[in-house]
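Working notes, structure below.
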Amino acid sequence: MSLDYSKWDNLEVSDDSDTEKKQKSQPKKKAPTKDKLKELNKTKQKAAGSSWNASNYHWEEQKLDVWGREQLKSLFDHAKTEDTLEYNNIPIKFNHVFAVEKCE
């Protein structure tokens, strides 16, 4: 079976359209004014997360180990519990006071 390539015979393969687009002058961008720069800096400061992660759109790893230790200590340090257990009709009361000595 032979292949027919005649449909490619009249194909125009010129790069003229690309060069015409490149030759057109691009409008130059104006530098932002001082007021505009101040406004941009204020909006950047309002956004949480890093500078590339506007509005905290992507998840970012943050160092929270110090905060976590403080939270655990505040929750469990000097926590008190009371419980009563009955054994042979004798009530036994338990009072527990927790202390956090080391948190790693």
Side-chain angles (χ1 to χ4, degrees):
M1 177 173 157
S2 64
L3 297 173
D4 183 21
Y5 292 105
S6 62
K7 63 180 179 181
W8 303 105
D9 291 341
N10 297 327
L11 184 66
E12 184 179 333
V13 284
S14 172
D15 287 342
D16 294 340
S17 62
D18 292 341
T19 55
E20 288 174 10
K21 288 180 184 176
K22 289 179 185 176
Q23 289 175 356
K24 291 181 181 178
S25 63
Q26 297 286 333
K28 293 185 178 181
K29 293 182 179 179
K30 294 181 182 179
T33 61
K34 288 183 181 179
D35 294 334
K36 186 69 174 173
L37 286 173
K38 286 180 184 177
E39 185 180 320
L40 288 172
N41 286 336
K42 285 181 183 176
T43 57
K44 284 183 182 178
Q45 291 172 356
K46 289 179 185 176
S50 61
S51 60
W52 63 269
N53 190 4
S55 302
N56 256 352
Y57 184 74
H58 299 281
W59 180 83
E60 242 182 289
E61 185 173 342
Q62 297 177 0
K63 189 173 181 175
L64 297 173
D65 57 340
V66 175
W67 174 85
R69 286 185 187 125
E70 290 173 1
Q71 286 294 100
L72 287 173
K73 284 181 184 178
S74 69
L75 291 173
F76 292 113
D77 200 21
H78 305 294
K80 298 176 183 178
T81 61
E82 295 179 3
D83 197 11
T84 304
L85 178 67
E86 203 169 302
Y87 181 73
N88 290 335
N89 294 329
I90 303 171
I92 304 171
K93 291 186 178 181
F94 293 97
N95 293 324
H96 300 283
V97 178
F98 295 98
V100 179
E101 294 176 6
K102 191 173 182 181
C103 186
E104 292 185 10

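In this text, all values refer to a predicted model and were calculated from it rather than measured experimentally.
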Nearest heavy-atom pair of His78 and Val97: which atoms, and what distance?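 In this case the closest contact between His78 and Val97 is CA-CG1, 4.3 Å.
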
With Asp65, which residues qualify under side chain to side chain contact (heavy atoms under 4.5 Å, CB included), at least two apart?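 In terms of side chain to side chain contact (heavy atoms under 4.5 Å, CB included), with neighbours along the sequence ignored, Asp65 is linked to Lys63, Arg69.
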
List the residues meeting side chain to side chain donor-acceptor pair (under 3.5 Å) with Asp4, not counting sequence neighbours, and say none if there are none.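 Listed in chain order: Ser6.
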
Using a 4.5 Å cut-off between side-chain heavy atoms of Ile, Leu, Val, Met, Phe, Trp and Tyr, which other residues end up in the same hydrophobic cluster as Phe94?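 Under the 4.5 Å side-chain rule, Phe94 groups with Leu85, Tyr87, Ile92.
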
Please table the atom pairs, donor to acceptor, closer than 3.5 Å between any side-chain atom in residues 70-77 and protein atoms at least two apart or in another chain.
from, atom 1, to, atom 2, distance (Å)
Ser74, OG, Glu70, O, 3.4
Ser74, OG, Gln71, O, 2.8
Asp77, OD1, Val100, N, 3.1

In Å and rounded to the nearest 0.5 Å, what is the CG to CG distance from Asp83 to Asn95?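 CG of Asn95 is found 9.5 Å from CG of Asp83.
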
